[in-house]
Amino acid sequence: MRCISCEQISIEIICKKCQSSLLKPVFNKREIEKGLFVYSFYSYDDIKELLNSKYEFYGDRVFRLLAELSFKSFAANFELNEKVYAICVDDHTEHHFSQTALLAKSLQSSTIKPVYNTLKASNRIKYAGRDLEFRKKNPRKFIYSGERNLKVILVDDLSTSGLTIIEAKKKLLEYNCEVLFALTLADAKF
């Protein structure tokens, strides 16, 4: 197989050389509303093509690798004296895999437990390429089917306006869940 970045022969979808030179995570923090922070590992512009791999047959391998390089390292260093639940923001399987489920799975640790298939958008409209006004007029309308009274990390692949994460937090608050923060691979504002 060839590295999808440099096209050199590689066992992995992205070779070790490209991983170390192009995919070194840089931890970023952005407040999207008072007290709600999104932590991300990459600038959207730096990994845009890799994020778009979710539409390709090999996208799951790219997302697993990105999760390994970023989310897994985060989980290994995250400490809290109580259990925290990583809840996927709408982990539907639209392109043969769920990118948010792959990311959440890599957070599994003694402190963090991934939770799947509990926070679903009832409005399946696409936001890609749409402006802020369109996003505001077309909320996700989340449905939550998980447990109450949890401490939560929200997991998504990308943060742009932050509206999806804010809406997800509001839904979880209805179930007395405390959203500690959100984790994303990339932030378009980074």
Side-chain angles (χ1 to χ4, degrees), residues 25-33 35-48 50-55 59-60 62-75 78 84-95 97-108 112-130 132 134-136 138-146 150-173 177-190:
V26 177
F27 203 57
N28 181 57
K29 175 182 177 181
R30 177 168 61 113
E31 189 173 30
I32 57 173
E33 78 170 8
L36 179 57
F37 293 91
V38 175
Y39 296 93
S40 59
F41 301 93
Y42 302 100
S43 163
Y44 172 71
D45 291 334
D46 291 345
I47 65 165
K48 179 180 178 180
L50 297 177
L51 290 172
N52 285 332
S53 72
K54 65 184 170 187
Y55 305 113
D60 60 324
V62 171
F63 273 81
R64 276 191 188 95
L65 178 63
L66 289 171
E68 181 85 17
L69 294 171
S70 57
F71 278 58
K72 189 169 186 172
S73 295
F74 174 87
F78 181 78
V84 176
Y85 297 84
I87 295 183
C88 307
V89 175
D90 200 23
D91 59 342
H92 66 280
T93 306
E94 187 171 317
H95 304 290
F97 73 100
S98 168
Q99 61 271 19
T100 55
L102 286 175
L103 297 172
K105 182 179 180 183
S106 67
L107 289 172
Q108 176 74 48
I112 304 171
K113 178 182 179 186
V115 178
Y116 309 102
N117 203 29
T118 58
L119 186 63
K120 297 289 191 179
S122 62
N123 182 357
R124 307 291 308 151
I125 197 156
K126 303 289 184 209
Y127 283 172
R130 301 297 190 133
L132 182 60
F134 178 85
R135 292 168 187 246
K136 286 180 178 178
N138 296 282
R140 293 285 186 203
K141 298 180 182 174
F142 286 111
I143 298 167
Y144 180 65
S145 60
L150 303 177
K151 288 198 180 298
V152 172
I153 298 170
L154 285 171
V155 176
D156 207 351
D157 60 341
L158 175 65
S159 176
T160 52
S161 66
L163 289 176
T164 298
I165 291 168
I166 292 167
E167 186 182 348
K169 177 189 173 189
K170 287 178 182 171
K171 178 51 75 176
L172 290 170
L173 284 174
C177 292
E178 178 186 356
V179 175
L180 302 175
F181 53 86
L183 273 181
T184 65
L185 273 177
D187 188 335
K189 305 285 184 184
F190 179 9

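Only this structure's heavy atoms are used, side chains among them; waters, hydrogens and symmetry mates stay out.
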Distance in Å, [X] [atom1] paired with [Y] [atom2], rounded so as to fall on 0.5 Å steps:
X	Y	atom1	atom2	answer
Leu183	Tyr39	CG	OH	9.0 Å
Leu172	Glu178	CG	CD	11.5 Å
Ser98	Lys54	OG	NZ	10.0 Å
Leu180	Lys169	CG	NZ	10.5 Å
Leu51	Gln99	CG	CD	9.0 Å
Lys105	Lys72	NZ	NZ	10.0 Å

Exam field: side chain [X] to backbone [Y], donor-acceptor pair closer than 3.5 Å:
X	Y	result
Glu167	Pro139	no
Glu31	Gly35	yes
Thr184	Asp187	no
Asp90	Ala121	yes

Student check: side-chain heavy atoms of [X] and [Y] closer than 4.5 Å:
X	Y	answer
Leu103	Leu185	yes
Lys151	Tyr85	no
Ser70	Tyr42	yes
Phe63	Asp157	yes
Phe71	Leu66	no
Tyr144	Thr118	yes
Ser73	Phe41	no
Phe181	Leu36	no

- [ ] Go through the steps for Leu173 and Val179 under the test side chain to side chain contact (heavy atoms under 4.5 Å, CB included), then give the verdict.
- [x] CA-CA 8 Å; Leu173 284 174; Val179 175; 5.8 Å; no

Looking only at heavy atoms, which two atoms of [X] and [Y] are closest? And how far apart?
X	Y	value
Cys88	Tyr116	SG-CD2, 3.9 Å
Ser106	Ala75	O-CB, 4.1 Å
Gln108	Pro114	OE1-CD, 2.9 Å
Ile165	Leu154	O-CD1, 3.8 Å
Ser159	Val38	CB-CG1, 4.0 Å

TODO: Measure from NZ or CZ of Lys29 to the centre of the six-membered ring of Phe37 and say whether it is under 6.0 Å with the direction within 45° of the ring axis.
DONE: yes

Task: Heavy atoms from other residues, nucleotides or ligands near NZ of Lys171 exceed 12 (cutoff 6.0 Å) - done: yes

Task: Intermediate values then yes/no, side chain to side chain contact (heavy atoms under 4.5 Å, CB included), Val89 and Phe142 - done: CA-CA 9 Å; Val89 175; Phe142 286 111; 3.8 Å; yes

Task: Derivation of the side chain to side chain contact (heavy atoms under 4.5 Å, CB included) call for Ile153 and Ile112 - done: CA-CA 9 Å; Ile153 298 170; Ile112 304 171; 4.1 Å; yes

Task: Distance-only donor-acceptor check, side chains Ser40 and Arg30, under 3.5 Å - done: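 Their side chains do not contain a donor-acceptor pair, so the 3.5 Å distance test is not met.
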
Task: Val152 and its side-chain contact (heavy atoms from CB on, under 4.5 Å) partner, picked from Leu119, Val84, Ile87 - done: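 It is Ile87, the one option of Leu119, Val84, Ile87 that forms the side-chain contact (heavy atoms from CB on, under 4.5 Å) with Val152.
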
